[in-house]
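For clarity, every value in this text was computed on a predicted model and none was experimentally measured. In listed order, ligands and their atoms are each counted from 1.
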Amino acid sequence: MNASAQPGASVGDRVFLPRRAVCPGSFDPVTNGHLDIINRAADLYDELVVAVFINMTKSSLFMVDERREMLTEAIAAKPNVRIDVFQGLVVDYCRAHQIPVIVKGLRAISDFDYELQMAQMNRGLAGVDTLFMPTNPEYSFLASSLVKEIANWGGDVTALVPPLVNKRLAERAASRRPGGTGGSEGSDGGG
Ligand code: PNS
């Protein structure tokens, strides 16, 4: 983009549209690995949407509103990032919001096969491209599923997740112990 042109401004006969991208995921819950990708992608685009996928076929630990709340707090310092929730195909979300690019983090080669398949399918379906961003090696082992398991057994995940997520995981684990309130799993069917 012309360095002096703001998104939406016109210079001569050229209109500079904001460069938009979406970072989709389950974020159940968001980890520091996700935040690394979100923050770096936010520096590359004018507008970044972090889209929380509502998956009716998979049970989640946190309800979609809780996942959204934890993300909102974690990215508060990034004014060009907003959180949304979606159901259905990510390319339909992209079309509806005029977003040409999906950003995905790659932790290891094991992520690549499936991500490549999805990227090619999404490009074939709707011409939406995918930008793969290698995750910071510091987080290459990090996954929401591992974080949930460790926290559930009382392990320390402080260094792996933002503070609110750490707090919520601890509350959830405590509620499952004998004498706890027995917190229930989130189900996207229920919101
Ligand atoms: O955090 P996750 O669970 O790895 O995220 C996976 C997600 C939500 C990004 C992916 O499953 C997805 O894009 N789902 C939306 C449905 C869709 O578009 N499926 C077709 C992909 S080719």
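Annotation: atom 17 (C) of ligand 1 to nearest protein heavy atom, Leu89 CD2, 3.6 Å. For atom 10 (C) of ligand 1, the closest heavy atom belonging to the protein is Met118 SD, 4.3 Å. Taking atom 1 (O) of ligand 1 as the reference point, the nearest protein heavy-atom neighbour is Ser26 N, 2.9 Å. Nearest to atom 7 (C) of ligand 1 among the protein's heavy atoms is Gly25 CA, 4.5 Å.
Of all atoms in ligand 1, numbered sequentially from 1 with element shown, those under 4.0 Å from a heavy atom of Met121 are 22 (S). Those atoms of ligand 1 that come under 4.0 Å of a heavy atom in Lys104, given as number and element, are 9 (C).
With Glu47 as the partner, the salt bridge (Lys or Arg N to Asp or Glu O under 4.0 Å) test is satisfied by one option alone out of Lys78, Arg82, Arg20: Arg20. Checking each of Val22, Leu125, Val49 against Cys94 for a side-chain contact (heavy atoms from CB on, under 4.5 Å) leaves exactly one that passes, namely Val22. When each of Met121, Gln120, Glu115 is checked for a side-chain contact (heavy atoms from CB on, under 4.5 Å) with Met118, only Glu115 meets the rule.
The shortest side-chain heavy-atom distance between Phe62 and Val30 does not fall under the 4.5 Å cut-off. Contact annotation: the side chain of Ile102 approaches that of Thr130 to within less than 4.5 Å [non-hydrogen atoms, C-beta and beyond].
Close N/O approach between Asn122 and ligand 1 is not found [any backbone or side-chain N/O within under 3.5 Å].
When distances from atom 22 (S) of ligand 1 to the protein are checked, a heavy atom turns up under 4.0 Å. Distance check for atom 12 (C) of ligand 1: every protein heavy atom is found at 4.0 Å or beyond.
If you check each of Ile102, Val90, Thr130, Val22 against atom 18 (O) of ligand 1, the one with the closest non-hydrogen atom is Val90.
Between Arg168 and Glu73 no salt bridge is recorded (no basic side-chain N to carboxylate O distance below 4.0 Å). Between Asp92 and Arg95 a salt bridge is recorded (basic side-chain N to carboxylate O distance below 4.0 Å).
No heavy atom of Gln117 sits closer than 4.0 Å to any atom of ligand 1. At least one heavy atom of Gly88 sits closer than 4.0 Å to an atom of ligand 1.
From Asn80, atom CG reaches atom CZ of Arg19 across 10.0 Å, with rounding to the nearest 0.5 Å.
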